[in-house]
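First comes the structure, then the notes that go with it.
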Amino acid sequence: NAGVMQNPRHLVRRRGQEARLRCSPMKGHSHVYWYRQLPEEGLKFMVYLQKENIIDESGMPKERFSAEFPKEGPSILRIQQVVRGDSAAYFCASPQGAGELFFGEGSRLTVL
Amino acid sequence: GENVEQHPSTLSVQEGDSAVIKCTYSDSASNYFPWYKQELGKGPQLIIDIRSNVGEKKDQRIAVTLNKTAKHFSLHITETQPEDSAVYFCAARMNTGFQKLVFGTGTRLLVSP
């Protein structure tokens with residue numbers, strides 16, 4: 001996973017609760033991508049962040065989802081008022097110098 | 001925007017056989033095509049990639065070919081082993097300056113001993 005750290009690995013929430021997923025890119029790197037993988041599907045781009053800046057959020061749902069990457073600390077993907085359709089694996093990726101994307105092990109959200 | 005189609009969705013082979021997975025993309029501006037292997041419960045792992053200025057690339061038992069005219073690229077695994085069993089994803093990226101990838105829907109490869 002090239003040092004991309006995600007937590008929690010598994011998260012269970014009831015409908016209406018909030019979910020917070022965290023991602024730390026490789027040490028010294030300041031860009032992260034978030035992708036969502038629904039069961040039995042491919043990965044869908046959600047958002048691309050640089051520290052303190054959202055570069056591209058064209059894949060983010062319009063409501064309930066937000067992302068940030070503060071100057072200090074990990075990037076956070078926040079899902080408010082979760083619904084069952086939010087159940088998925090959420091992956092964070094760190095870009096490398098030649099353009100490759102390296103993914104973390106993911107956070108698997110289950111909404112009851 | 002870019003659209004990537006991947007076939008087949010499942011592929012079963014005997015150990016030692018070759019496996020081929022094919023992808024097509026829609027945007028001729030795409031210039032980078034990686035392949036990822038995803039094992040159960042894990043994140044996607046980059047296994048090989050190819051750029052649009054190259055037609056073929058090999059790494060031991062894995063090779064990728066690219067046909068820019070037809071807008072398709074393929075993953076070839078030779079001498080398959082049971083540990084090759086996983087879901088494989090192709091992806092494409094446009095030259096936008098961002099490393100935003102568009103993924104195919106995946107191929108579940110099963111290699112039987």
Side-chain angles (χ1 to χ4, degrees), chain A residues 1-11 21 23-26 29-50 53-60 67 88-110, chain B residues 1-10 21-25 27 29-54 57 59 64 75 86-109:
Chain A
N1 65 3
V4 180
M5 304 304 294
Q6 290 189 248
N7 68 83
R9 291 293 310 279
H10 300 276
L11 183 63
L21 311 177
C23 168
S24 296
M26 283 187 65
H29 290 251
S30 60
H31 298 246
V32 296
Y33 288 76
W34 285 94
Y35 280 77
R36 177 166 64 173
Q37 185 176 34
L38 295 171
E40 304 298 318
E41 293 189 12
L43 289 89
K44 303 289 187 186
F45 168 78
M46 299 183 75
V47 62
Y48 168 42
L49 306 113
Q50 187 179 28
N53 193 21
I54 297 175
I55 306 297
D56 182 349
E57 57 181 347
S58 58
M60 287 282 270
Y90 293 84
F91 291 97
C92 169
S94 190
Q96 302 302 305
E100 302 93 342
L101 267 187
F102 291 93
F103 287 83
E105 297 287 38
S107 292
R108 284 154 182 82
L109 172 65
T110 301
Chain B
E2 177 63 278
N3 182 52
V4 177
E5 295 189 357
Q6 184 172 347
H7 301 280
S9 57
T10 58
I21 303 170
K22 299 181 180 181
C23 289
T24 60
Y25 60 99
D27 197 322
S30 291
N31 64 354
Y32 174 66
F33 308 92
W35 286 88
Y36 287 84
K37 175 184 180 182
Q38 187 177 29
E39 297 177 333
L40 190 62
K42 296 193 174 182
Q45 177 189 5
L46 179 66
I47 56 172
I48 195 168
D49 56 16
I50 190 167
R51 300 178 192 273
S52 58
N53 59 346
V54 175
K57 183 177 179 181
D59 183 3
V64 57
L75 177 71
V87 180
Y88 291 81
F89 292 96
C90 63
R93 186 191 76 201
M94 293 193 326
N95 185 24
T96 63
F98 305 146
Q99 282 95 333
K100 183 167 74 175
L101 296 175
V102 177
F103 281 83
T105 50
T107 296
R108 186 176 300 277
L109 174 65

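The model shown is predicted, which means the values in this text are computed figures rather than measured ones. Lettering of chains follows the sequences in order, A, B, ..., and the numbering in each one begins at 1.
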Of the non-hydrogen atoms in A:Glu105 and B:Gly43, which two are nearest, and what is the gap between them?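 Minimum heavy-atom contact is OE1-N, 2.8 Å.
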
Taking all non-hydrogen atoms of both residues into account, name the closest pair between A:Gly104 and B:Pro44 and its distance.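 Residues A:Gly104 and B:Pro44, closest heavy atoms: O-CD, 4.4 Å.
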
Approximate separation, where rounding is to 0.5 Å, of A:Phe91 CZ and B:Lys42 NZ: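 It comes to 12.0 Å.
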
Given a strict heavy-atom distance threshold of 4.5 Å, which part of A:Gln37 is in contact with chain B: side chain, backbone, both, or neither?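 When you check distances to chain B, only side chain atoms of A:Gln37 fall under 4.5 Å.
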
Contact part of A:Ser58 toward chain B, heavy-atom cut-off under 4.5 Å: side chain, backbone, both or neither?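 For A:Ser58, the contact with chain B is made by the side chain alone.
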
Which side-chain N or O atoms in residues 102-109 of chain B pair as donor and acceptor under 3.5 Å with protein atoms at least two apart or in another chain?
unit_1   : atom_1 : unit_2  : atom_2 : d
B:Thr107 : OG1    : B:Gln6  : NE2    : 3.0
B:Thr107 : OG1    : B:Pro8  : O      : 2.5
B:Arg108 : NH2    : A:Glu40 : OE1    : 3.2

Check whether any side-chain N or O of A:Tyr33 sits under 3.5 Å from a backbone N or O of B:Leu101 as a donor-acceptor pair, and report yes or no.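 Not confirmed, A:Tyr33 side chain does not pair with B:Leu101 backbone.
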
Would you say the side chain of A:Leu101 lies within less than 4.5 Å of the side chain of B:Pro34, judging by non-hydrogen atoms?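 When only atoms from C-beta onward are counted, A:Leu101 and B:Pro34 do not touch, as no gap falls below 4.5 Å.
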
With sequence neighbours excluded, tell me which residues meet side-chain contact (heavy atoms from CB on, under 4.5 Å) with A:His31.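 Once residues adjacent in sequence are excluded, the partners of A:His31 under the side-chain contact (heavy atoms from CB on, under 4.5 Å) criterion are A:Tyr48, A:Gln50, A:Pro95.
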
